[in-house]
Every structure is written in structure tokens, then in C-alpha cells.
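Every number for a ligand or one of its atoms is a count from 1 in the order of the listing.
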Amino acid sequence: MDNTQFIDKCEIKLKEKFKAVDDNAYFNQVKVSQAFKNNQVAVRHFNGSTGYGYGDEGRDCLGKLYAEIFGAESGIVSSHIVSGTHALTVALFGLLRPGDTLLCISGMPYDTIRGVIYGTDNGSLKDFGVAFECCDLNNGKFDFDEIKNKFTESVKVVYIQRSRGYELRDAFSCAEIENVCQFVRGLGFKGCIFVDNCYGEFVEKREPCEVGADIIVGSLIKNAGGGLAPTGGYICGKERYIDLIGKRLTAPSIGLEVGSHSAGYQYYYQGLFMAPHTVAQALKTSFLIGLAMDELGYKNYPSIDKMPSDITRAIQFDSAEKMIDFIREVQYASPVDGYVTCEPWDMPGYDDKIIMAAGTFVSGASIELSADGPVKPPYIAYFQGGLTYEHGKFALSKILDKLRC
Ligand SMILES: *Cc1c(COP(=O)(O)O)cnc(C)c1O
């Protein structure tokens with residue numbers, strides 16, 4: 001069987017999954033389209049602003065749009081947020097005060113957040129007197145007993161990471177998030193339930209704020225930017241929290257009244273409009289790669305039998321060499337820097353050597369076809385994105401050329 005026949009067979013098996021992905025994209029496209037109309041988005045919103053950015057309508061309307069789409073009271077969308085890590089940092093520092101405790105209930109948070117929370121002498125939350133507690137997961141699921149045991153009066157923020165990060169567990173579904181939010185409220189918690197929503201946007205019909213979260217945070221060079229937003233992050237949620245976080249993003253005396261962006265906002269709006277479709281392209285690519293890797297005998301997650309809750313796929317290899325081969329093929333299939341051979345390197349914010357394929361139009365964007373992972377046992381590559389399913393399929397054909405021989 002040649003690669004084309006192999007891929008054809010996979011596609012036939014995935015027909016029902018693809019239909020479910022399309023249905024989900026349609027639901028979310030309707031939600032997004034209605035929000036554009038409700039917020040009276042007009043050409044003038046794409047205009048840039050300069051200086052303080054007082055009365056920047058493009059900025060303010062974008063915040064309202066995100067809030068409506070994500071079922072939140074209020075939202076911040078800013079090109080001044082440099083990454084997902086920065087968005088999470090701003091939000092946490094906005095909410096927490098000395099003496100408070102941050103309780104993470106989804107296992108250890110994403111690598112780059114760890115230094116933000118408990119780094120030493122680097123301006124971390126710990127340096128400012130904020131304590132950290134973490135509940136391990138039980139077989140990849142919330143451990144309710146552990147959560148109950150770790151609860152104290154000083155817990156002010158309960159932190160949930162939806163996507164897997166560099167762990168092997170599956171992403172949490174909104175149903176699971178809903179369940180744990182109810183549990184946490186049942187313990188009498190009155191503070192902020194905070195969700196790192198990176199890679200989760202538009203994967204399901206609901207978003208965390210619709211199921212009990214108070215704050216959600218994400219990156220615009222992942223799902224929500226639709227592959228078009230050039231940089232930035234968003235933070236949405238309860239108005240009183242967004243107000244506090246806005247004061248941390250800029251300054252306590254000025255909050256969200258300021259912030260200019262001279263290049264204009266067209267790509268932010270257009271990217272958000274495209275995002276449900278782009279996410280569907282990434283999900284179909286993920287299903288196809290997942291099934292193909294299953295057939296080749298490589299363990300990978302999430303199982304293609306279930307609907308996913310984020311766009312990432314973790315694929316386990318039996319050696320560093322195979323993992324590196326896989327990631328290199330993703331790079332070789334990329335439209336930008338496709339002639340380049342990836343090498344593992346010491347990326348800022350990570351403890352291990354990371355190898356990363358990101359031959360992307362927007363530098364480092366992982367809603368675009370990309371793959372990465374720490375080069376250490378158990379040799380797991382994290383694969384995500386794909387602006388078009390056809391491109392994902394092309395990348396798979398390159399991977400098959402390499403791995404099937
Ligand atoms: C990508 C990601 C982040 C933030 O990463 P940046 O590279 O800083 O944008 C945070 N949490 C999770 C789970 C992620 O996947």
C-alpha cells in the first residue's frame with residue numbers, strides 16, 4: 001500500500017469524526033458571527049492608534065467581542081501581551097496579594113509558568129509572598145480528595161490548566177471543568193477559579209467561563225488568533241477581576257483606558273472570525289496524524305475514539321532519533337523555513353533541551369502546523385495546528401515517507 005492509499009484509508013475511517021468536527025466549527029462560527037454583529041463591528045475598528053491610545057475603539061471592541069464569544073462579562077485583548085505565559089503572569093499578579101495562596105488542581109502547571117509562580121529572586125509570585133500548592137492528578141483526572149485536603153482559607157485563586165502542556169494526560173473537557181468548579185464551590189470557595197485555556201478555544205461548544213470559571217487566559221498565536229493575529233494574548237472573565245488585571249497590565253491608576261497599537265487590528269478581528277474554522281482544520285489534522293500513528297504502532301494521545309478537548313496530540317517514540325526524525329519532517333513540510341533542519345536547543349523558560357518545528361508565518365505560532373518536545377525519555381513529540389487540513393495531510397505524507405521505510 002503506498003502512502004496515498006494509506007492516507008485514503010485513514011480518511012475513510014475518520015469520516016464520522018470529521019463530521020463532528022465540522023458540526024462543532026459551525027456552532028462556533030455562528031456564535032462568532034453573531035457576536036460580530038451584536039458588537040457592531042465596522043471598518044473603523046481596524047484602524048490603529050498611537051500614543052496613549054485613549055478611546056481606541058478597535059481595542060475596546062475586541063475585548064467586548066472576546067468576552068461575548070467566551071461567555072464572560074469582560075475581556076482584555078492586547079498586542080502588548082507578548083505570549084501566553086505573559087498573559088497568565090499578568091492575570092495572576094493582578095489577582096493575588098501577599099499572604100494569598102495559589103492552588104493548582106490540575107497537576108504541575110506548564111513549564112514556563114513554574115518560574116512565574118515559585119522562581120527564586122526573579123520577581124515570581126513567591127518573591128512577593130504568594131504561596132503555591134499543587135494537587136497531583138489521579139490517572140490524569142482531578143483528584144477530588146486531594147483538592148479537598150489542600151484547601152485552606154488563604155486560597156484565593158484555584159488554577160486549572162485545560163491543555164496537557166508537556167504532560168501525557170488528556171486535556172480537560174468543559175464537562176470535567178464544570179464538575180470540578182461545582183466541587184470547589186461546594187467546599188465554600190469564594191475566590192477566583194482561573195483556567196489556562198491555551199489550545200482549548202473553539203474545540204468544544206462551550207468555553208470554561210460558561211461552565212463556572214471566573215477567568216480564562218490564552219495566547220493569540222494559538223487557537224483564538226485564527227492563524228492571523230500577529231501576536232498578543234487575551235484574558236476574559238468576571239468584570240471585577242478583569243478590572244484588577246487591567247490595572248496590572250498597564251498601571252493601577254489607568255487600567256484599560258490606555259494602550260495603542262499603530263499597526264491596526266484587522267488581523268485580530270479577521271483571525272477571531274476565522275478561528276472556529278482554523279481550529280477545525282487543526283483538529284482534523286490531529287485526527288489524521290493520530291490514526292496514522294496508531295496504524296504505525298506509535299502510542300499517541302488523545303485516543304482517536306474520543307472527541308478531543310484541545311488541538312494537541314502527544315506521540316510517543318521509542319528513541320530520540322525517531323522523535324527527532326518526526327519533528328524534522330514537520331519542519332520540512334513547512335511553508336516557511338522548510339529547508340531548515342531542526343536541532344534540540346536550550347529554549348528560555350524550559351529545563352530540558354527542546355526541539356521545535358515551527359516553520360510558520362507568525363513566528364512560533366502553534367495554531368500553525370508545529371511539533372515540539374523535550375528530548376528525553378519517554379520521547380514524546382507534541383504535535384498541533386495546521387492552518388489547512390490539506391497542509392496537515394501533506395506533512396503526514398512526508399512523515400510516512402520517513403517512518404514507513
Ligand atoms: C502554550 C501554552 C502556554 C503559554 O505558552 P507561550 O509559549 O508563552 O505562549 C501556557 N499553557 C499551556 C498549557 C500552553 O499550551
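- Between Tyr54 and Tyr52, the ring-plane angle classifies as tilted under the 30° and 60° cut-offs.
- Between Phe172 and Phe142, the two ring planes are parallel [angle under 30°; tilted spans 30° to 60°].
- Of the N and O atoms on the side chains of Ser163 and Tyr110, not one donor lies less than 3.5 Å from an acceptor on the other residue.
- With a heavy-atom cut-off of 4.0 Å, Thr85 touches ligand 1 through backbone and side chain alike.
- Within ligand 1, the atoms closer than 4.0 Å to a non-hydrogen atom of Leu88 are 10 (C), numbered from 1 in the order shown.
- Using modelled atom types and a 3.5 Å distance limit, the side chains of Gln331 and Thr341 yield no donor-acceptor pair.
- Contacts of Gln161 with ligand 1, taken as heavy-atom pairs under 4.0 Å, involve the side chain alone.
- Checked by distance only, ligand 1 and Gly165 stay at 3.5 Å or farther apart across all their nitrogen or oxygen atoms.
- Not a single N or O atom of Tyr110, backbone or side chain, sits closer than 3.5 Å to an N or O atom of ligand 1.
- The shortest contact between atom 10 (C) of ligand 1 and any protein heavy atom is with Asp196 OD2, 3.3 Å.
- The distance from the OG1 atom of Thr312 to the CZ atom of Arg164 is 4.0 Å, given to the nearest 0.5 Å.
- When only interatomic distances are considered, the shortest N/O to N/O separation between Tyr199 and ligand 1 does not fall below 3.5 Å.
- Checked against a 3.5 angstrom limit, the closest N/O atoms of Lys222 and ligand 1 fall inside it.
- For atom 9 (O) of ligand 1, the nearest non-hydrogen atom of the protein is Gly84 N, 2.8 Å.
- Between the side chains of Glu57 and Asn47, no donor-acceptor pair of N or O atoms lies under 3.5 Å.
- A donor-acceptor contact under 3.5 angstrom links the side chains of Asn39 and Glu68, judged on distance only.
- Contact atoms of ligand 1 toward Ser83: 8 (O), 9 (O) (distance under 4.0 Å to a heavy atom of the residue).
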